[in-house]
Amino acid sequence: MMDLKLDLHGKLGQFELTAKCDLHMRGITGLFGPSGAGKTSLLRAIAGLDNQLKGRIELDDVVLQDTDAGIMMPAEQRRIGMVFQDSRLFPHLTVRGNLEIAKRWAKDRHIPLQKVIEGCDIRDLLDKPAPSLSAGQRQRVAIARALMAAPKILLLDEPLAALDFNSRQHLMSFLNDSATPFPMIYISHSVSETLSLCDPLILMKQGGIDAIGPTAEVAHKLPKRRGHARVTSYDAENGQLVLELDEHAPELEAGQTIGLVTEPRWLKSQNGG
Ligand SMILES: Nc1ncnc2c1ncn2[C@@H]1O[C@H](COP(=O)(O)OP(=O)(O)OP(=O)(O)O)[C@@H](O)[C@H]1O
């Protein structure tokens, strides 16, 4: 359990951001909101990567920022891990080298290397040079490295965006499982990912916090789920349609009524689809 107290305000260019909240962090806290709401900016301020916002940040009774008192702790001293959508690895090292460096940062608090290797499914990548990895592989290694560094909290900004369906499922269940040692804040644009991984939730809108609370209480404010599916089979005689969804959808069940928006085939071919 970590207490994160935020009281931030200020301008990033023309964009105004205000965030005031007390978070009792345990497990995975979701940070959800439309594009441009200020989610990444908020995480960057917490991590100390952007110091344009004024105010105060306190993590477990340690003051990370207090602009009135002239305090701005440098990012490298905050012990906050951050994984971006396009995280970079140390290019001159192999995957194993990247993990070993992180383990040194962690001193004696690290979680077992084997557990992280299995959870992030990177066993086959260990001896590969970092620049040779695909985007999805790099992302899995970036998450593994962040976990090995044993941060006080881990901030994840759309960390699974580059992953295919199976890798995403695998990593989601691992993050859920390893959530206990390091509380996380998790940004995702996927409603189902947010609902299945995160509790509590922070909802942001236009540079401010719109709602915050247990997932069960604020989930009704999330947009309706939109996604894609591939038609596996369709029987025109009885209307029976079998779909394969592009992502996990724990809210769906047999017998439920759902809406469908489709394009006639002739229109699709006109659009080059
Ligand atoms: N350093 C900066 N200087 C100027 N403007 C900035 C800066 N950082 C962020 N912004 C602006 O702040 C706004 C919020 O951006 P931010 O990336 O935080 O949104 P977001 O909610 O994470 O969006 P997305 O979901 O698309 O990633 C944007 O209009 C962006 O251009």
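Just follow the structure's listing: the first ligand is 1, and inside any ligand the first atom is 1. If you're wondering where the values come from, they're calculated on a predicted model, not measured in any experiment.
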Exercise for the section: Could you list the residues that satisfy side chain to side chain contact (heavy atoms under 4.5 Å, CB included) with Val62, not counting sequence neighbours? Expected result: Leu64, Met73, Lys152
Handout entry: Per-ligand residue contacts, ligand 1, heavy-atom threshold under 4.0 Å
Key = Leu12, Gly13, Phe15, Pro34, Ser35, Gly36, Ala37, Gly38, Lys39, Thr40, Ser41, Asp50, Gln52, His189
Show me, pair by pair, the donor-acceptor contacts under 3.5 angstrom made by side chains of residues 206-219, not counting sequence neighbours?
unit_1 : atom_1 : unit_2 : atom_2 : d
Thr215 : OG1    : Cys198 : O      : 2.7
Thr215 : OG1    : Asp199 : OD1    : 3.0

Handout entry: Ion pair Glu76/Arg78, N-O distance below 4.0 Å
Key = no
Problem - Donor-acceptor side-chain pairing of Ser167 and Asp164 below 3.5 angstrom - result: yes
Exercise for the section: Kindly give the cluster partners of Leu241, where membership spreads through any ILVMFWY side chain lying under 4.5 Å from a current member. Expected result: Val231, Tyr234, Leu243, Leu260
Handout entry: Atom pair CG/CG of Leu4 and Asp22 - distance to nearest 0.5 Å
Key = 8.5 Å
